[in-house]
Amino acid sequence: MGEEVPQLDQEVKRVLDAIDTLGAADQPAADRVKRLTELLDQWPDAHSRVRAMRQAALQEMQEDGKSLRKISAETGISFGRVREIIQGVTKRPKVKRAEGDAGTQ
């Protein structure tokens, strides 16, 4: 059998479903473009807020006396990554480039 897909938290699922609704094909394309563009325009600030909330929650766990290893075990985030997030280290995902792509768009 294939790899088991983890169950999403219901609030996370609702957010992802709402995003899918913005791009639903049952709406006129121009409306979808406008709504998706508005979401993309707001995305950097929303992403920053989510990252800050995650960092604050991890710091709260540490302040409550939990070790980084315990935090890692409880959250499913690697020990090293927990430490980085608490310290404010951000990682950007590596962008896969098509063969022969010089990085220009």
Side-chain angles (χ1 to χ4, degrees):
M1 292 277 151
E3 198 172 310
E4 190 173 321
V5 177
Q7 186 73 12
L8 289 177
D9 175 87
Q10 288 302 307
E11 286 186 75
V12 172
K13 185 173 180 350
R14 282 195 295 272
V15 170
L16 295 174
D17 288 346
I19 291 170
D20 288 341
T21 299
L22 290 175
D26 63 346
Q27 299 293 317
D31 291 345
R32 291 193 318 259
V33 169
K34 288 176 186 176
R35 291 169 26 178
L36 292 166
T37 298
E38 184 176 347
L39 173 64
L40 289 169
D41 288 346
Q42 297 300 315
W43 195 259
D45 288 337
H47 188 255
S48 293
R49 287 194 319 270
V50 170
R51 289 169 87 83
M53 287 186 280
R54 180 180 66 172
Q55 180 185 23
L58 288 170
Q59 289 170 335
E60 179 182 325
M61 293 175 79
Q62 187 179 41
E63 289 165 5
D64 287 345
K66 293 185 179 177
S67 70
L68 296 182
R69 292 202 188 286
K70 178 75 172 169
I71 294 170
S72 174
E74 288 186 17
T75 62
I77 301 171
S78 74
F79 169 84
R81 189 65 188 122
V82 166
R83 184 180 61 238
E84 290 173 341
I85 294 168
I86 288 173
Q87 293 173 347
V89 175
T90 59
K91 287 189 171 182
R92 305 227 188 267
K94 293 179 181 175
V95 177
K96 292 183 180 179
R97 293 188 178 159
E99 192 173 317
D101 183 5
T104 57
Q105 292 183 346

Output all residues satisfying salt bridge (Lys or Arg N to Asp or Glu O under 4.0 Å) with [X], sequence neighbours left out; order by chain, then residue number.
X	answer
Lys34	none
Arg81	Glu84
Glu60	none

Distance, nearest 0.5 Å, that separates [atom1] of [X] from [atom2] of [Y]:
X	Y	atom1	atom2	answer
Arg69	Glu74	CZ	CD	14.5 Å
Thr21	Leu16	OG1	CG	10.5 Å
Glu38	Leu36	CD	CG	10.0 Å
Gln27	Arg35	CD	CZ	5.0 Å

Val50 and Arg54: side chain to side chain contact (heavy atoms under 4.5 Å, CB included), yes or no, with the steps?
-> CA-CA 6 Å; Val50 170; Arg54 180 180 66 172; 5.6 Å; no

Taking all atoms of both residues into account, what is the closest heavy-atom pair of Ser78 and Ser72, and its distance?
-> C-OG, 3.5 Å

Common cluster, Trp43/Leu22, ILVMFWY with side-chain heavy-atom separation under 4.5 Å = yes

Results of side-chain contact (heavy atoms from CB on, under 4.5 Å) for Asp41 - residues two or more places apart only = Thr37

Qualifying residues under side-chain contact (heavy atoms from CB on, under 4.5 Å), relative to Asp17, sequence neighbours excluded | Lys13, Asp20

Kindly say whether Lys66 contributes a backbone atom to a donor-acceptor pair with the side chain of Asp64 at under 3.5 angstrom?
-> no

Taking the hydrophobic residues Ile, Leu, Val, Met, Phe, Trp and Tyr, and joining any pair whose side-chain heavy atoms are under 4.5 Å apart, which ones share a cluster with Leu58?
-> Met61, Leu68, Ile71, Ile77, Phe79, Val82, Ile85, Ile86

